[in-house]
Amino acid sequence: MFRTLQNPAVLFVTLAAAGILMVTMGIRQSFGLFISPMDMSTGLGVATISFALAVGQFAWGAIQPVAGAVADRYGPRPVLVAALLVLAVGCAVTPFVHSGFGLALTFGLLASIGSGAGSFSVLIGAAAQRLPLESRGAASGVINAGGSFGQFIFAPINQKLIQGIGWVGSLWAMAIVALATLPLVFKLTDKPAAPHPQAEGDNGLRHAVVTALKNPSYLLLHAGFFTCGFHIAFLVTHLPGEVNLCGLPPSVASWSLAIIGLFNIFGSLYAGACIAKYRSKHVLAVMYASRAVLVALYLVAPRTDLTFYLFAAGLGFTWLATVPPTAAIVGKLFGTRYLGTLFGLTLLSHQIGGFLGAWLGGVAIVEYGDFSWMWYADIALAAAAALVNLPIREAAVVRPAAQPA
């Protein structure tokens, strides 16, 4: 797998994109840790804070096709610089708001728009346009692993910061980290993108989007990715609450999130290798089916710290490892010319599911006192996602010819 990344220029682009994603995703995936201390400090209530995070889930997805389209038109550098600045501002000003509307604006919209504009659609698109075809699958796995590594290191760091200097100080620290990431943007974009000759049948961005939205395989891919968003947003937002319901210390939640990130590093790298050997739709079907099985096993297991850690390890292997095969299918169907935009639209469907997962989790805990119905919905949706990927019309993987001895 890594043989295609041995060229220093290829590796440099890949690691720069992975480093940016490590920060934007690491910060964003730690937001669930702030719910309890923020509630205790502001008295806004879990449902109000959950709604702000749900707004953030949708905003993170909604900005993806917009950021991707701007990057496709003007290049990724201005988009990524603006993304990190907005992320820093969102984190820095959140402690100064004292209403649900203000929280939705800062913690929900600003922080998530910044994180989203500096996320998968722009970074994978920017890398793909600067890398040879044979390196893209492996590079997408490494870039995705960067986001997982961010979750692995930022979750425990934020938990320690919250305990040591409070949630306000922790958010300000995250703003500083976002600003410190700006030099990586210039490193990533130093190498110009490969030129895109005007191919026959290329009638521009609007035509590409309209054509894609009429493609049944593209829509099926969206349906499966919707479930992925529901599942991830529910867990990353409400896993700390589930841990609390089980009478376990907050450290179990932060370490569970870290374990998810750690194991998704391996899962992302493995996914990058798999899409070079197998059809991506089959990789996705197996991933989604495994989630349904893991949640069912969790529901019948004793609620101990070991159970949470094992559950986190199992889920982590497929957590965001769905991104490389999903991006690969979009690239196979439509090429890389408008990959930032078209994959951004796929990520929007992911975050519509994310909005519902984060918000309905808060509604469930307020109305029913636990997350039982959310777990049942998660199983059903994961099973459905496994099935809807199978009819996708994806070209067979082309294996390189064996070299003569």
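Heavy-atom basis, side chains included; hydrogens, waters and symmetry copies ignored.
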Distance-only criterion, 3.5 Å: show the donor-acceptor pairs between side-chain atoms of residues 243-253 and protein atoms not counting sequence neighbours.
none

Review point. With side chains defined as the heavy atoms from C-beta onward, is the minimum distance between M374 and Y368 less than 4.5 Å?
Key: no
Exercise for review: Please say which of K281, R279, K332 ends up in a side chain to side chain donor-acceptor pair (under 3.5 Å) with E394.
Suggested key: K332
Check your understanding: Do F226 and H222 make the cut of ring centroids closer than 6.0 angstrom?
Key -> no
Exercise for review: Please check if the side chain of Q64 supplies one atom and the backbone of G116 the other of a donor-acceptor pair under 3.5 Å.
Suggested key: yes
Review point. Do T322 side-chain atoms and T318 backbone N/O form a donor-acceptor pair below 3.5 Å?
Key: no
Check your understanding: Which atom names give the shortest non-hydrogen contact between A312 and S256, and what distance separates them?
Key -> CB-O, 3.3 Å
Check your understanding: Parallel, tilted or perpendicular: which describes the rings of F311 and Y298, with under 30° parallel and over 60° perpendicular?
Key -> parallel
Review point. Do you know which two heavy atoms are closest between N389 and G224, and how far apart they sit?
Key: ND2-CA, 4.1 Å
Check your understanding: Under a 4.5 Å cut-off applied to non-hydrogen side-chain atoms, are F225 and Q351 in contact?
Key -> no
Exercise for review: Any chance you could lay out the side chain to side chain contact (heavy atoms under 4.5 Å, CB included) test for L85 and L182, step after step, and finish with the verdict?
Suggested key: CA-CA 9 Å; L85 293 175; L182 285 168; 4.2 Å; yes
Check your understanding: How are the rings of H238 and F234 set to each other: parallel, tilted or perpendicular (split at 30° and 60°)?
Key -> tilted
Point to revise | Note, Y376 side chain near F371 side chain (heavy atom, < 4.5 Å) | key: no
Review point. Are the aromatic ring centres of F263 and F317 under 6.0 angstrom apart?
Key: no
Point to revise | Closest non-hydrogen atom pair between S119 and L21, with its separation | key: OG-CD1, 3.7 Å
Practice item. Dump the intermediate steps for side-chain hydrogen bond (donor to acceptor under 3.5 Å, both in side chains) on S112 and S115, then the final yes or no. Key: CA-CA 5 Å; S112 296; S115 174; over 6 Å; no
Review point. Are the side chains of I232 and H350 in touch, meaning some heavy atoms are under 4.5 Å apart?
Key: yes
Review point. Got a sec, which residues hit salt bridge (charged side-chain N to carboxylate O under 4.0 Å, His left out) with R393, two or more places apart in sequence or on another chain?
Key: none
Check your understanding: Can you pull the side-chain hydrogen bond (donor to acceptor under 3.5 Å, both in side chains) pairs that have at least one residue in residues 85-109, sequence neighbours excluded?
Key -> T94-T106
Review point. Which heavy atom in G118 sits nearest to a heavy atom in L123, and how many Å separate them?
Key: O-CD1, 3.4 Å
Practice item. Would you please classify the geometry between the F107 ring and the F34 ring as parallel, tilted or perpendicular, with 30° and 60° separating the classes? Key: perpendicular
Check your understanding: Looking at W255 versus F308, is the centre-to-centre ring distance below 6.0 Å?
Key -> no
Point to revise | I20 side, atom CD1; I143 side, atom CD1 - distance, nearest 0.5 Å | key: 9.5 Å
Check your understanding: Does A301 offer a backbone N or O that forms a donor-acceptor pair with the side chain of R303 under 3.5 Å?
Key -> yes
Study note, to complete from the structure: d(F230 CZ, L381 CG) to nearest 0.5 Å is 5.5 Å
Review point. At what distance, to the nearest 0.5 angstrom, does OG1 of T227 lie from CZ of R291?
Key: 9.5 Å
Practice item. Check whether any side-chain heavy atom of N158 sits under 4.5 Å from a side-chain heavy atom of M174, and report yes or no. Key: yes
Practice item. Could you check V89 against V93 for side chain to side chain contact (heavy atoms under 4.5 Å, CB included), going step by step and ending with a plain yes or no? Key: CA-CA 6 Å; V89 170; V93 303; 4.2 Å; yes
Revision key, fill the gap. Shortest non-hydrogen pair, V23 vs A178, comes out as CG1-CA, 4.2 Å
Practice item. Count the heavy atoms belonging to other residues, nucleotides or ligands that lie under 6.0 Å from CZ of F51, then report whether that count exceeds 12. Key: no
Review point. How many angstroms lie between atom CH2 of W359 and atom CZ of F355, to the nearest 0.5 angstrom?
Key: 6.0 Å
**Study point:** Validation row: L105, V97 side chains within 4.5 angstrom (heavy atoms)
**Key:** no
Review point. Can you tell if the side chain of L284 reaches within under 4.5 Å of the side chain of I329, non-hydrogen atoms only?
Key: yes
Review point. Can you tell me how far CH2 of W167 sits from OG of S36, rounded to the nearest 0.5 angstrom?
Key: 12.0 Å
Review point. Given L269 and V142, is the side chain to side chain contact (heavy atoms under 4.5 Å, CB included) satisfied, shown in steps?
Key: CA-CA 6 Å; L269 296 175; V142 173; 3.8 Å; yes
Review point. Going by the angle between their ring planes, with limits at 30° and 60°, are F152 and F149 parallel, tilted or perpendicular?
Key: tilted
Check your understanding: Between the side chain of S41 and the main-chain N/O of M38, is any donor-acceptor distance below 3.5 Å?
Key -> no
Check your understanding: For the residue pair G100 and L44, what are the closest heavy atoms and their distance?
Key -> N-CD2, 4.0 Å
Review point. Would you say the side chain of L257 lies within less than 4.5 Å of the side chain of S30, judging by non-hydrogen atoms?
Key: no
Point to revise | Atom pair CD1/CG of I153 and L262 - distance to nearest 0.5 Å | key: 11.5 Å
Check your understanding: Looking at V55, L347, L109, L348, which hits side-chain contact (heavy atoms from CB on, under 4.5 Å) with W60?
Key -> L347
Exercise for review: Say whether, by atom type as modelled, one donor and one acceptor occur between the side chain of S254 and the main chain of Q159 under 3.5 angstrom.
Suggested key: no
Exercise for review: Apply side chain to side chain contact (heavy atoms under 4.5 Å, CB included) to W172 and C91, showing your working.
Suggested key: CA-CA 6 Å; W172 286 346; C91 290; over 6 Å; no
